[in-house]
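Quick note on labels: first sequence line is chain A, next is B, and so on, each numbered from 1. No hydrogens, no waters, no symmetry mates; every other heavy atom, side chains included, goes into these values.
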Amino acid sequence: MASFQTVKGFRDFFPEECALRNYITETWRSVARRYGFVEYEAPLVEETNLYRKKSGDEITNQLYCFLDKAEREISLRPEVTPSLARMATARQRDFKKPIKWFQIGPCFRYEEPQKGRGREFIQFNADILGDSSPATSAELIALAIDVVREFGISADDFIIRLSNREIWNTFLADKKIAEEHTTTFLSIIDKIERARPEETEKKLGLIGLTLAEVREFMASTDESHPAFAALRENLTARGLWQFIKIDATIVRGLAYYTGVVFEVFDTKHGLRALAGGGTYDKLCSLMSDGGVDMPAAGFAMGDVVLGLLLKQTPGAQMKLTSAYLAASSIDAFVVVADEAQRPHALAAVQSLRAAGIRIDYNFGAQKVGKQFQTAEDRKARFAIVFGAEYPEVVIKNLLARSQSAVPVGGLVEEVQKLLAEPAIGPLIT
RNA sequence: GUGGCCGUAGUUCAACGGUAGAGCCCCAGAUUGUGAUUCUGGUUGUUGCGGGUUCGAGUCCCGUCGGUCACCCCA
């Protein structure tokens, strides 16, 4: 038994998990680029005050924070948006608007680990700054949809729940409710499906509302509401409106959202939110003390819930499996059948690798049968045998179980030619 | 931060309060130039850690660390 364990809530990435992580991050990156987003990165740690300034209690009591050797208050980043706002406002004149940026990297939250939640997770952030039109939200939602679909998760498997905080602002204004109650009110709405009705009624009563009138307003809010008109037109033109479900209870806890808010959920497994985001037009102004007033919108997607969903969705799992195979397999295994030929085999190993072919071999003398077994275990397509017949070498196709001999001088070209052919072999491996 | 369940070999799990075991994995051999199957042999533990009860604790009690699930909230 090892003396050390991982720190609570952190995880090891053994090759299988690492392949999953890489597959997820590479997919995020490729789809984001397809949408014209450019990658950036921010520090893993920031002054704790950066997060205090931006957020309500939700984030700050989940901060993974500590004092460094110079007694500075430091936090591991719980999210990247505050850093983004700091970076973007600091140099906003250097970039043409709209700024379309994405980021992929670990974030940390100090909370109790549970299903779909650790203290470390990898997050994908996509944000658009400097354009306040509904087209930004539409672009982000479209990106979120295409990212999820790229993993092999189909329209049956997920849904976007969409709302807009402005409909509640209008509602409160109509009811003559003071603006100071807005935050309290939104947190009641956020919990309305989970809390007991009597309690909700009581809390609403304190700010001068009844549950009945709130419910009536919610029931009357659907996709025909004017607040969604432009977004609906945009996403309908893209053929993506079918993924949207209007849900007025989506307000999102983070205090800084101002308009459109949305969350991505799976439809079959009751998992936590896959992704969430919205518009946050005031954040840049807040973070720059009024220096830069720049509209913004964005969303974040985490790797943990997504990974759970990928493993549970058949179409997604096939892609996942082939990504793992591609990450762990080699093209050919060099078998040293006669130790006297090892120097020649090593020379060939180097030549093959220089040509970009993935090659492995056994470090020391080993029975030929064992070497073939290793080649099989490594999912190599070919075994290349160096034996007494050198300078002839034998190339064996491990799937078709056929073999041929070539002079060593033509080995690299021959292997390249064979690898270019489609793999043929037993369907069941 | 609060609560439930769990912690035994690399791994999955057994073991009535009474000598810590099995399958798989791994290594070697049967098989000295060809992959399966099979067979044989072998390595591996301060039972997470620390106290307590007991003649005796993997087992019961307390604490602690970790895992897991839920609350809270969210990626």
Side-chain angles (χ1 to χ4, degrees), chain A residues 1-12 14 24 28 55-62 77-81 103-126 144 147 187 190-191 194-195 250-255 257 261 263-266 271-277 298-309 333 335-341 365-390 393-403 405 425-426 428-429:
Chain A
M1 183 60 64
S3 321
F4 292 106
Q5 301 171 308
T6 54
V7 172
K8 181 170 184 164
F10 288 77
R11 49 196 173 148
D12 291 324
F14 282 90
I24 287 174
W28 282 340
S55 299
D57 293 337
E58 303 112 7
I59 280 286
T60 50
N61 63 20
Q62 290 184 347
R77 64 185 184 195
E79 55 168 335
V80 177
T81 310
Q103 177 277 147
I104 293 167
C107 292
F108 308 86
R109 292 186 193 177
Y110 199 92
E111 61 182 339
E112 284 306 303
Q114 57 192 288
K115 189 171 189 179
R117 283 294 108 104
R119 288 184 174 180
E120 179 205 17
F121 55 98
I122 298 167
Q123 203 178 55
F124 166 56
N125 282 273
V147 164
S187 85
D190 183 38
K191 296 175 180 62
R194 301 190 292 269
I250 301 288
V251 301
R252 298 184 56 71
L254 297 173
Y257 288 107
V261 286
E263 293 181 351
V264 185
F265 283 90
D266 86 281
L271 299 174
R272 295 160 189 278
L274 278 164
F299 74 88
M301 184 177 297
D303 71 307
V304 182
V305 177
L306 178 62
L308 290 173
L309 183 58
F333 191 91
V335 173
V336 181
D338 174 4
E339 278 301 311
Q341 306 306 328
Q366 199 175 40
K367 288 183 182 175
V368 172
K370 277 275 197 274
Q371 295 188 60
F372 271 92
Q373 184 56 51
T374 306
E376 181 86 356
D377 292 342
R378 295 298 310 277
K379 304 277 191 273
R381 272 180 70 186
F382 299 98
I384 302 169
V385 184
F386 283 73
E389 64 279 13
Y390 189 87
V393 295
V394 173
I395 302 175
K396 177 158 183 174
N397 183 327
L398 293 171
L399 292 173
R401 294 180 174 249
S402 59
Q403 65 180 52
I428 299 164
T429 55

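Within the nucleic acid shown, A:Arg194 comes within 4.0 Å of sugar-phosphate atoms alone, with no base atom in reach, counting heavy atoms only. A:Asp377 comes within 4.0 angstrom of no nucleic acid atom, judged by non-hydrogen atoms across all strands. Within 4.0 Å (heavy atoms only), A:Val335 reaches no atom of the nucleic acid at all. If you check every strand for non-hydrogen atoms under 4.0 Å, A:Ala383 touches nothing. A:Glu111 comes within 4.0 angstrom of a nucleotide base, judged by non-hydrogen atoms across all strands. Heavy atoms of A:Gly307 sit nowhere under 4.0 angstrom from any nucleic acid atom. In this structure, A:Leu274 reaches the sugar-phosphate backbone alone: every heavy-atom distance under 4.0 Å involves primed, P, OP1 or OP2 atoms, never a base.
Side-chain proximity of A:Lys396 to B:A70, B:A28, B:U34: nearest is B:U34. Taking only side-chain atoms of A:Val385, from C-beta outward, the nucleotide of B:A70, B:U34, B:A28 with the closest atom is B:U34. Of the listed nucleotides (B:G33, B:A70, B:G66), B:G33 has the atom at the smallest distance from the side chain of A:Ala337. For A:Lys8, counting side-chain heavy atoms from C-beta on, the closest listed nucleotide (B:U34, B:G67, B:C72) is B:G67. Closest approach to the A:Glu112 side chain among B:C72, B:G33, B:U2 is made by B:U2 (side chain taken as heavy atoms from C-beta onward). Of the listed nucleotides (B:U68, B:A70, B:G33), B:U68 has the atom at the smallest distance from the side chain of A:Pro113.
Separating the CZ atom of A:Arg109 from the C1' atom of B:G1 is a distance of 17 Å, rounded to the nearest angstrom. A:Lys370 has its NZ atom 8 Å from the C1' atom of B:G29, to the nearest Å. As rounded to whole Å, 10 Å separates atom P of B:A70 from atom CG of A:Leu271. Here the P atom of nucleotide B:G4 and the CD atom of A:Gln114 are 16 Å apart, to the nearest Å. Rounded to an integer number of Å, the gap from CG of A:Leu398 to C1' of B:G33 is 15 Å. Separating the CZ atom of A:Arg119 from the P atom of B:G1 is a distance of 8 Å, rounded to the nearest angstrom. Put simply, CD on A:Gln62 is 16 Å from P on B:U2, counting in whole angstrom units. For the pair A:Phe372 CZ and B:U37 C1', the interatomic distance rounds to 19 Å; values are reported in whole Å.
Sequence order on RNA chain B of the closest nucleotides to A:Gly9 and A:Val304 puts A:Gly9 first from the 5' end. In terms of position on RNA chain B, the residue among A:Gly302 and A:Tyr110 whose nearest nucleotide sits closer to the 5' end is A:Tyr110.
For B:G33, its base sits under 3.5 Å from the side chain of A:Glu389 at one donor and acceptor pair at least. With hydrogens and angles ignored, a donor-acceptor pair under 3.5 angstrom links the side chain of A:Gln403 to the base of B:U34. Taking only distance into account, the side chain of A:Lys367 never meets the base of B:U32 through a donor-acceptor pair shorter than 3.5 Å.
When the C1' atom is compared between B:C60 and B:U44, the two are found 30 Å apart, to the nearest whole Å. Across B:A20 and B:A9, the matching C1' atoms stand 11 Å from one another, rounded to whole Å. A gap of 14 Å separates the C1' atoms of B:C25 and B:C13, to the nearest Å. Taking atom P in both B:G56 and B:C71, one finds a spacing of 45 Å when rounded to whole Å. Nucleotides B:A15 and B:G67 have their P atoms positioned 26 Å apart, rounded to a whole Å. Annotation: B:G58 and B:G7 have their C1' atoms spaced 11 Å apart (nearest Å). Nucleotides B:U8 and B:G4 are separated by 22 Å at their C1' atoms, to the nearest Å. Going from the C1' atom of B:G63 to that of B:A22 covers 33 Å, rounded to whole Å.
Taking a cutoff of 4.0 Å between a charged side-chain nitrogen and a carboxylate oxygen, A:Lys370 and A:Asp377 do not qualify as a salt bridge.
Both tests do not hold together for A:Lys367 against A:Phe372: distance to the six-membered ring centre under 6.0 Å, angle to the ring axis within 45°. A cation-pi arrangement is found for A:Arg119 relative to A:Tyr110, the charged atom lying closer than 6.0 Å to the ring centre and inside a 45° cone about the ring normal.
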Salt bridge (charged side-chain N to carboxylate O under 4.0 Å, His left out) assessment of A:Lys8 paired with A:Glu112: CA-CA 9 Å; A:Lys8 181 170 184 164; A:Glu112 284 306 303; 3.4 Å; yes
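Looking at A:Glu111 and A:Gln62, their side chains do bring a donor and an acceptor atom within 3.5 Å of each other. Donor-acceptor pairing under 3.5 Å is lacking for the side chains of A:Gln123 and A:Arg77.
Judged purely by atom type and a 3.5 angstrom limit, A:Arg109 has no side-chain atom pairing as donor or acceptor with the backbone of A:Gly118. Between the A:Asp303 side chain and the A:Ile122 main chain, a donor and an acceptor come within less than 3.5 Å of each other. Checked by atom type and distance alone, the side chain of A:Asp338 pairs as donor or acceptor with a backbone atom of A:Ala340 at under 3.5 Å. A distance-only check finds a donor-acceptor pair linking the side chain of A:Gln371 to the backbone of A:Gln366 [under 3.5 Å].
Taking a pair as Watson-Crick or G-U wobble with both distances under 3.5 Å, the runs of three or more consecutive pairs in RNA chain B are B:1-7 with B:65-71, B:10-13 with B:21-24, B:26-30 with B:38-42, B:48-52 with B:60-64.
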